[in-house]
Amino acid sequence: MEQGISFGYLGVSLLPLAESQVLGQIVPIFAASYAWVLLGEHWHCTDFVGALAAILGVILIAYPALLSGGLPSSRSTSHLLGIGCCICSAACAGAAYVFVRLLGTSVK
């Protein structure tokens, strides 16, 4: 899971701090998704709606031109890499939370 920290630092170095922090706030979506798959947790309709709203928010933060009806402008490679790193960091952090819970329930 230490790759998540590396991805996070790389994302912060490639993006403005505010954007990287907002993109990193999707950890609960990844954690809930992993818990659904690995632990058999149940999702309700409101969970799906909330996850879709958060994903839509991440897309709008990554491509703000979509708000005005325009097509996403061509972003620099480093900016796209930063967005990918922040999302990978959030995915690794979500996995860490689920694995800790998995180990806590199976190792006694």
Side-chain angles (χ1 to χ4, degrees):
M1 297 306 137
E2 50 281 335
Q3 293 84 2
I5 295 171
S6 300
F7 283 130
Y9 283 126
L10 185 57
V12 167
S13 69
L14 295 172
L15 293 175
L17 181 61
E19 186 175 352
S20 66
Q21 291 303 309
V22 170
L23 291 173
Q25 296 303 314
I26 59 171
V27 172
I29 295 171
F30 283 111
S33 301
Y34 296 148
W36 178 51
V37 171
L38 298 174
L39 302 175
E41 296 283 330
H42 298 288
W43 275 43
H44 301 288
C45 182
T46 55
D47 298 330
F48 283 113
V49 171
L52 288 175
I55 291 170
L56 179 65
V58 168
I59 291 170
L60 291 177
I61 289 168
Y63 298 105
L66 292 174
L67 285 173
S68 61
L71 294 174
S73 62
S74 61
R75 298 281 183 136
S76 67
T77 305
S78 64
H79 192 269
L80 293 176
L81 181 64
I83 291 171
C85 286
C86 288
I87 292 173
C88 287
S89 174
C92 290
Y97 289 129
V98 171
F99 286 139
V100 166
R101 179 158 180 240
L102 183 67
L103 289 173
T105 58
S106 63
V107 179
K108 291 190 178 194

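Note: hydrogens, waters and symmetry copies are ignored here, and every other heavy atom, side chains too, is used.
- Scanning for side-chain contact (heavy atoms from CB on, under 4.5 Å) contacts around Ala35 gives Leu39, Glu41, Val98, with sequence neighbours left out.
- For Ser13, the side chain to side chain donor-acceptor pair (under 3.5 Å) test picks out no residue, with sequence neighbours left out.
- Ile29 and Val27 are assigned to two separate hydrophobic clusters, defined by single-linkage of ILVMFWY side chains at heavy-atom distances under 4.5 Å.
- Listed by first and then second residue, the salt bridge (Lys or Arg N to Asp or Glu O under 4.0 Å) pairs involving residues 46-61 amount to none (not counting sequence neighbours).
- A continuous path of Ile, Leu, Val, Met, Phe, Trp and Tyr side chains, each step under 4.5 Å between heavy atoms, connects Ile83 with Leu60, placing both in one hydrophobic cluster.
- For the ring-ring contact (aromatic ring centres under 6.0 Å, His included) test, residues two or more places apart in sequence or in another chain that qualify with Phe48 are Trp43.
- Taking both residues in full, the closest heavy atoms of Gly11 and Cys86 are given as CA-SG, 3.8 Å, listed atom of the first, atom of the second, then distance.
- Using a 4.5 Å heavy-atom cutoff, the side chains of Val12 and Leu17 are in contact.
- Through direct or relayed side-chain contacts under 4.5 Å between Ile, Leu, Val, Met, Phe, Trp and Tyr, Leu10 connects to Leu14, Leu81.
- Both Leu23 and Leu56 are members of a single hydrophobic cluster when ILVMFWY side chains are connected at heavy-atom separations under 4.5 Å.
- With sequence neighbours excluded, the residues forming a side-chain contact (heavy atoms from CB on, under 4.5 Å) with Ala91 are Phe30, Tyr34, listed by chain and number.
- Proximity of Ser89 to Ile5: side-chain heavy atoms (C-beta onward) are nowhere separated by under 4.5 Å.
- The line from OH of Tyr97 to SG of Cys92 is 12.5 Å long, rounded to the nearest 0.5 Å.
- Hydrophobic clustering places Leu80 together with Ile87 (ILVMFWY residues linked when any side-chain heavy atoms are closer than 4.5 Å, directly or through intermediates).
- Both Leu15 and Ile61 are members of a single hydrophobic cluster when ILVMFWY side chains are connected at heavy-atom separations under 4.5 Å.
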